[in-house]
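Step one of this worksheet: look at the structure below.
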Amino acid sequence: MKTCLVVDDSRVIRKVARKIVEDMGFACEEAADGQQALDYCRKNMPEAILLDWNMPVMNGLDFLIALREEEGGRKPIVVFCTTENDMSNITQALRAGADEYVMKPFDGDIIESKFAEVGLV
Amino acid sequence: MLPEHKHQILAAEVKKRSGLVLGPEKGYLIESRLAPVARAEGMASVEALVDAMRMDQRLAKVVTEALCTHETFFFRDRTPFDMFQNVIIPAMGPARTSNLRIWSAACSSGQEPYSLAILANEMGRVRPDILATDISPNVLEKAKAGLYSQFEVQRGMAIQRLVKHFDQMGDSWKIKPMLRQMVRFEVLNLLDDFRHLGKFDVVFCRNVLIYFDVEDKRRVLERIANQLQPDGFLILGAAETVVGLTNAFRPVPGQRGLYAKPEGLAKIAAA
């Protein structure tokens, strides 16, 4: 079973995302900020990462840049999932190595559609 | 819910106007679609609305449109667009594809024709002239504007496509002018005569005939065949078929939802 790491400082969002990805057949892990996410990935690279942008300690963009530098860090498919919906954010994320970008608010259909776009489902 | 005889009156009126079949199991649909209309028209109930509609053409039109399903999204079902790219375009050849006439029938808010415009643009050598029609003038106005919500542009579209083909306008996204110009929009009821539209190379008629009864389905399909070039293609929705309805089209082997005229089938084999 593939693992999806949900990275978001909101417990509510993590709970909603967990339900969505578990319904799609993923095992779900959670991290509340970029540093926690990095610590997790250093132990176990997940197949997929749902990534918030604005988080304390380490934000999503900095996490992504660090992740891609890690050994095996190019492997996970990273889908940003954020309220930042400006074109400049999107291009920044894609340049840093994001595979997809979801603008909040989202629903299960959008997540599933985006996961299908990147070949996760 | 409507009493049975009023349901029948409503169903007859709606079928006459749009071909839409409202079976007895559609009580919930009627209630959910018409309650807002009743409120907007200052009627006490859906039943009062149906009563008033019998004397009022405008109201009958509004009611009919409210019952027609307008759901659509970009690159819906994916497969038809893969077929367009991998089967139809190669079969047509470069001379044809530099001026391809496409009809997106029952286009609703425009995501299907714009998806085709995007695909053609990405393929490069395909220059389509896309006609998109729908029974509902309201929904067509939205399609003409080409402006979509954040929700609408995220379903069915990769982020790279969104960024490339749309301009951001606040929280909404607008299809770029070059793609907008590839599509013409026209109000059309499929039950009406559409010979004035001319002949097409490709017709998309997805997920609208499912609402028609067998006779209307057959008639519309045969009239579409008259508007299609001998080697043209028809694409229906995933759950639909022409089999048992008309011989004007044959299924293309191995391509679910793709139909060609009997004389056109040879072209695909040759491609």
Side-chain angles (χ1 to χ4, degrees), chain A residues 4 6-8 13 16-17 20-21 23-24 48-54 60-61 64-65 68 74 76-121, chain B residues 69-86 108-112 114-116 118-119 121-122 146-179 206-207 237-238 256-257:
Chain A
C4 179
V6 173
V7 190
D8 199 302
I13 297 278
V16 169
I20 293 171
V21 305
D23 283 350
M24 286 195 287
I49 302 175
L50 260 181
L51 180 60
D52 187 16
W53 192 301
N54 296 312
L61 189 68
L64 178 58
I65 293 167
R68 294 308 193 200
R74 292 189 186 278
I77 292 179
V78 176
V79 179
F80 257 97
C81 189
T82 167
T83 51
E84 300 293 343
N85 59 3
D86 206 72
M87 188 76 91
S88 62
N89 290 91
I90 298 172
T91 15
Q92 237 190 326
L94 290 174
R95 252 188 245 126
D99 297 285
E100 254 296 344
Y101 199 101
V102 171
M103 295 176 278
K104 285 174 179 167
F106 60 87
D107 65 10
D109 285 340
I110 288 176
I111 300 289
E112 196 162 339
S113 170
K114 292 291 187 171
F115 271 38
E117 287 293 332
V118 290
L120 277 173
V121 292
Chain B
T69 295
H70 300 298
E71 168 167 318
T72 179
F73 44 96
F74 288 100
F75 295 95
R76 184 178 179 186
D77 300 332
R78 200 179 283 260
T79 313
F81 300 95
D82 291 341
M83 284 195 305
F84 181 77
Q85 181 161 2
N86 302 325
S108 182
S109 43
Q111 282 96 319
E112 181 179 87
Y114 288 136
S115 297
L116 290 166
I118 287 170
L119 203 51
N121 173 265
E122 288 175 358
L147 192 67
Y148 296 93
S149 71
Q150 192 172 275
F151 241 68
E152 286 169 322
V153 297
Q154 298 207 88
R155 196 172 168 198
M157 243 183 346
I159 190 71
Q160 291 88 346
R161 257 185 183 154
L162 177 60
V163 160
K164 186 171 177 208
H165 301 296
F166 291 76
D167 292 317
Q168 189 169 31
M169 318 206 83
D171 281 346
S172 301
W173 295 76
K174 190 166 178 147
I175 191 102
K176 289 204 158 156
M178 183 190 60
L179 294 163
R206 302 193 299 145
N207 305 312
R256 173 101 223 183

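The figures that follow rest on heavy atoms only: side chains count, while hydrogens, waters and symmetry mates do not. Order of the sequence lines fixes the chain letters, A, B, ..., with proteins taken first and strands second; residue numbering starts at 1 for each chain.
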Exercise. Examine whether an atom of A/A98 lies under 4.5 Å from a heavy atom of chain B, and if so say whether it belongs to the side chain, the backbone or both; otherwise answer neither.
Key: neither
Quiz item: Given that the side chain runs from C-beta out, which part of A/V118 has a heavy atom under 4.5 Å from chain B: side chain, backbone, both or neither?
Solution: neither
Quiz item: CZ of B/F75 to OG of A/S113: how many Å apart, nearest 0.5 Å?
Solution: 11.0 Å
Exercise. Mind checking the CD1-CZ spacing from A/I111 to B/R155? Nearest 0.5 Å is all I need.
Key: 13.0 Å
Exercise. Search all heavy atoms of B/I159 against all heavy atoms of A/K114 and return the closest pair with its distance.
Key: N-NZ, 3.6 Å
Quiz prompt | Other residues, nucleotides, ligands: >12 heavy atoms within 6.0 Å of B/K174 NZ | solution = no
Exercise. Search all heavy atoms of B/Q160 against all heavy atoms of A/D99 and return the closest pair with its distance.
Key: NE2-O, 3.8 Å
Self-check item: Which portion of A/D86 sits near chain B, non-hydrogen atoms under 4.5 angstrom
Solution: both
Self-check item: Close side-chain approach of A/E117 and B/R78, heavy atoms under 4.5 Å
Solution: yes
Quiz prompt | Where A/I110 and B/F151 come nearest, the two heavy atoms and their spacing | solution = CD1-O, 4.0 Å
Quiz prompt | Check: A/M87 and B/F166 side chains under 4.5 Å, non-hydrogen atoms | solution = no
